[in-house]
Engineer: 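Pasting a structure below so you can have a look.
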Amino acid sequence: MKFEVRDVPPRSAWALEQAGIHPLLARLYAARGVQAADELDPALARLLPPADLLGAAQAATLLADAIAAGERLCIVADYDCDGATACAVALRGLRALGAAHVGYLVPNRVVDGYGLTPPIAERVAASGAQVLITVDNGIASVEGVARARALGLKVLVTDHHLPGAELPQADVIVNPNQPGCSFESKALAGVGVMFYVLLALRAELRARGVFDNATQPKLDTLLPLVALGTVADVVPLDANNRRLVAQGLARIRAGQMPAGVQALITAAGREARKASTFDFGFALGPRINAAGRLADMTLGIELLATDDAARADELARQLDAINRERREIEGGMREQAMQIAEGLLDPEAEPPAALAVFDPDFHEGVVGIVAARLKERWHRPTFVFAASGAPGKEHELKGSGRSIAGFHLRDALDLIAKRHPGVLLRFGGHAMAAGCTLAEDQFDTFEQALQQVAAEWLDAATLTQRLATDGALPREARRADVADELQQAVWGQGFAAPVFSEELVVLSQRLVADKHLALKLRHQGEPVDGMWFGHTEPLPARAHLAFRLELDEWQGQRRVRLLIEG
């Protein structure tokens with residue numbers, strides 16, 4: 001792995017310091033493209049206005065008319081954390097704004113597949129709904145939307161995924177990535193799009209005299225859910241998303257959150273007053289996602305929609321148990337996938353530019369996580385496939401892919417589909433994560449096609465694993481208050497948490513639980529504890545390491561330690 005120190009524009013760092021920001025944070029923010037302190041202002045007033053989001057005003061009109069007419073609304077959600085939080089935000093927000101009849105339906109990953117399909121549209125119509133609202137899906141559901149419209153349903157699509165060549169013929173589409181949308185933030189998660197639709201709806205209801213500024217519902221109570229879904233979906237944390245996340249975190253730390261979020265925090269062994277983006281991505285998000293992977297995302301949505309603390313605790317415990325099962329399945333699959341991949345690779349040669357792995361025993365709910373692990377191991381775009389468990393689809397493979405910088409996964413799938421018509425039955429996704437379905441007998445063709453595209457698009461420099469770091473950690477910044485401030489800040493995709501790199505003296509080292517390395521280090525002449533999780537190889541007496549600064553609290557003592565990254 002090659003370490004690359006981020007550039008720090010001196011003018012930006014100076015401007016941030018002059019605005020009163022800690023010198024270390026000023027340097028870190030400047031290296032991430034922040035030029036002025038107002039970009040770091042989390043105030044709600046600085047959010048981009050809903051009026052700039054194409055379709056939001058029309059969606060508000062459609063929903064306001066439906067509420068006034070007492071029509072039945074049905075939300076069709078995706079089965080991941082973004083979809084679950086978006087559904088819960090829609091349920092809570094629409095009810096607060098006067099909708100008397102709001103239900104939801106979430107497809108089953110195995111039986112129904114992804115998105116609004118014609119059978120899902122038929123189930124919504126059979127439920128008696130008159131308005132169908134998609135959250136975190138729908139932009140690729142051309143046939144499903146057509147079926148819903150043919151059944152007399154009004155259809156509002158809210159999504160953030162990249163559109164294909166053909167847009168669905170919905171009544172209204174709200175998606176910052178649709179053609180013609182000038183909304184400045186293209187990085188909104190599905191939950192963020194739904195939150196913006198609710199802001200637009202509230203404004204429309206004010207204009208109609210239903211509410212005024214004093215009587216209108218407070219939608220900021222939804223921000224903990226918006227923050228959770230945004231971080232868990234690993235969308236880039238641009239300035240607008242950072243504000244949404246910061247606002248949600250502030251409310252959670254103040255104890256103001258839905259019962260389900262508090263129950264999840266408790267089940268994960270975390271503390272609400274210290275909540276961080278790390279908790280969203282690695283503790284809460286995986287427990288919600290586990291429902292969609294191994295069971296039914298209805299569990300996750302019910303948890304986030306309930307105000308009953310006892311019910312929330314019960315559901316959170318169920319999700320925690322499902323997540324433990326997910327980890328066990330993932331561990332076995334990861335080991336098996338690693339063995340398969342190693343068997344395909346020539347130990348004397350460089351790995352191919354992309355990897356594709358399939359085994360009949362793989363569980364389709366966990367393929368994305370395993371693809372991420374293989375991608376991290378070999379630094380190659382990676383797809384992992386499992387046999388479909390859907391009735392009548394036994395000869396289809398469902399795959400999930402994870403990519404590296406410089407390789408747009410959805411665009412690669414689009415090119416494969418054009419070069420090899422019929423190989424891909426379905427596909428969709430983003431630059432860094434995508435999914436596809438193919439016939440089992442087409443796996444070899446897909447693997448070769450993927451490797452061909454990767455060989456064309458990627459060069460040796462791109463295929464070299466790099467870790468962007470922030471250089472040396474100043475000795476005077478190795479303090480508990482600085483570590484605490486770093487932990488409280490908003491970090492995530494596209495706004496990476498700080499990683500420092502420099503030469504450290506290794507004073508002692510020992511194995512913990514046969515899989516982690518506990519270290520005593522000397523950093524700039526002073527001793528400090530260190531930990532390298534998942535690493536067992538001993539270090540030399542001096543080593544150039546990349547590390548994070550962490551605040552370790554144990555038995556009332558607060559001290560800093562270095563978490564080694566590479």
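Every value quoted in this text rests on a predicted model; they were computed, and no experiment measured them. Starting from 1, each residue takes its place in the sequence as its number.
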Engineer: Is it the case that R243 and N240 place a side-chain donor and acceptor less than 3.5 Å from each other?
Structural biologist: no
Engineer: So, Q216 and R206: side-chain donor and acceptor under 3.5 Å apart, yes or no?
Structural biologist: yes
Engineer: Going by the ring-ring contact (aromatic ring centres under 6.0 Å, His included) test, which pairs reach into residues 67-121, not counting sequence neighbours?
Structural biologist: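 Matches after skipping sequence neighbours: none remain.
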Engineer: Under a 4.5 Å cut-off applied to non-hydrogen side-chain atoms, are I139 and L167 in contact?
Structural biologist: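 With C-beta onward as the side chain, the pair touches.
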Engineer: For H363, which residues count as a ring-ring contact (aromatic ring centres under 6.0 Å, His included) partner, sequence neighbours excluded?
Structural biologist: none
Engineer: Charged N to carboxylate O below 4.0 Å: is that the case for R208 and E204?
Structural biologist: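 Yes, this pair counts.
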Engineer: Suppose we call two aromatic rings close when their centres sit under 6.0 Å apart. Are F385 and F446 close by that rule?
Structural biologist: yes
Engineer: Can you see whether T298 engages D296 through a side-chain donor-acceptor pair at a distance of less than 3.5 angstrom?
Structural biologist: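 Note: T298 and D296 side chains meet the donor-acceptor criterion.
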Engineer: Using the side chain to side chain donor-acceptor pair (under 3.5 Å) criterion, which residues pair with T266? Sequence neighbours excluded.
Structural biologist: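 For T266, the residues satisfying side chain to side chain donor-acceptor pair (under 3.5 Å) (neighbours in sequence not counted) are Q262.
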Engineer: Decide, yes or no, whether a salt bridge links R373 with E330 under the criterion of side-chain N to carboxylate O below 4.0 Å.
Structural biologist: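 Looking at R373 and E330, the cut-off is met.
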Engineer: Under the side-chain contact (heavy atoms from CB on, under 4.5 Å) test, which residues partner A140, sequence neighbours left out?
Structural biologist: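 A140: no side-chain contact (heavy atoms from CB on, under 4.5 Å) contacts found.
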Engineer: With respect to L105, which candidate in I120, I75, L116 satisfies the side chain to side chain contact (heavy atoms under 4.5 Å, CB included) definition?
Structural biologist: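 The single option meeting the side chain to side chain contact (heavy atoms under 4.5 Å, CB included) with L105 is I120.
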Engineer: By side chain to side chain donor-acceptor pair (under 3.5 Å), which residues pair with E364, not counting sequence neighbours?
Structural biologist: K398
Engineer: Is the closest basic N to carboxylate O distance between D171 and R149 below 4.0 Å?
Structural biologist: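 Yes, charged N to carboxylate O under 4.0 Å.
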Engineer: Determine, for R311 against E302, whether the closest basic-nitrogen to carboxylate-oxygen distance falls under 4.0 angstrom.
Structural biologist: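 A salt bridge links R311 with E302.
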Engineer: List in chain and number order the residues that pass salt bridge (charged side-chain N to carboxylate O under 4.0 Å, His left out) with R426, two or more places apart in sequence or in another chain; answer none if no residue qualifies.
Structural biologist: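 Here the qualifying residues are E396.
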Engineer: Between R273 and E271 (salt bridge meaning N to carboxylate O under 4.0 Å), is one present in this structure?
Structural biologist: yes
Engineer: Return the set of residues passing side-chain contact (heavy atoms from CB on, under 4.5 Å) with D414 (not counting sequence neighbours), or none when no residue passes.
Structural biologist: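 Residues passing side-chain contact (heavy atoms from CB on, under 4.5 Å) with D414: R410, K418, F427.
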Engineer: Just grab all the ring-ring contact (aromatic ring centres under 6.0 Å, His included) pairs involving residues 280-309, residues at least two apart or on different chains.
Structural biologist: F278-F282
Engineer: Do the numbers put R242 on top of the ring of F495, so that NZ or CZ is under 6.0 Å from the six-membered ring centre and no more than 45° off the axis?
Structural biologist: yes
Engineer: Using a strict threshold of under 4.0 Å (side-chain N to carboxylate O), is an ion pair present between D65 and K154?
Structural biologist: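 Salt bridge absent between K154 and D65.
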Engineer: Is it the case that the side chains of D212 and T215 hold a donor-acceptor pair, with the cut-off being a distance below 3.5 Å and no angle test?
Structural biologist: yes
Engineer: When rounded to the nearest 0.5 angstrom, what is the spacing between CG in L132 and SG in C74?
Structural biologist: 6.0 Å
Engineer: How would you list all residue pairs meeting ring-ring contact (aromatic ring centres under 6.0 Å, His included) that involve residues 180-205, not counting sequence neighbours?
Structural biologist: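 Output for this query lists F183-Y196.
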Engineer: Please check if the number of heavy atoms outside E376 that lie under 6.0 Å from its CD is greater than 12.
Structural biologist: yes
Engineer: Using atom types as modelled and distance alone, determine if a side-chain donor or acceptor of D279 lies under 3.5 Å from a backbone N or O of T277.
Structural biologist: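 No: the side chain of D279 does not pair with the backbone of T277.
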Engineer: Return the set of residues passing side chain to side chain donor-acceptor pair (under 3.5 Å) with R327 (not counting sequence neighbours), or none when no residue passes.
Structural biologist: none
Engineer: State, to 0.1 Å, how close G103 and L91 come at their nearest heavy-atom pair, and which atoms those are.
Structural biologist: O-CD2, 4.1 Å
Engineer: For R72, what residues pass the salt bridge (charged side-chain N to carboxylate O under 4.0 Å, His left out) criterion, not counting sequence neighbours?
Structural biologist: none
Engineer: Quick one: do the S185 and D238 side chains pair a donor with an acceptor below 3.5 Å?
Structural biologist: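 Side chains of S185 and D238: pair found under 3.5 Å.
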Engineer: Output every pair passing ring-ring contact (aromatic ring centres under 6.0 Å, His included) with a member in residues 150-173, not counting sequence neighbours, ordered by first then second residue.
Structural biologist: H160-H430, H161-H430
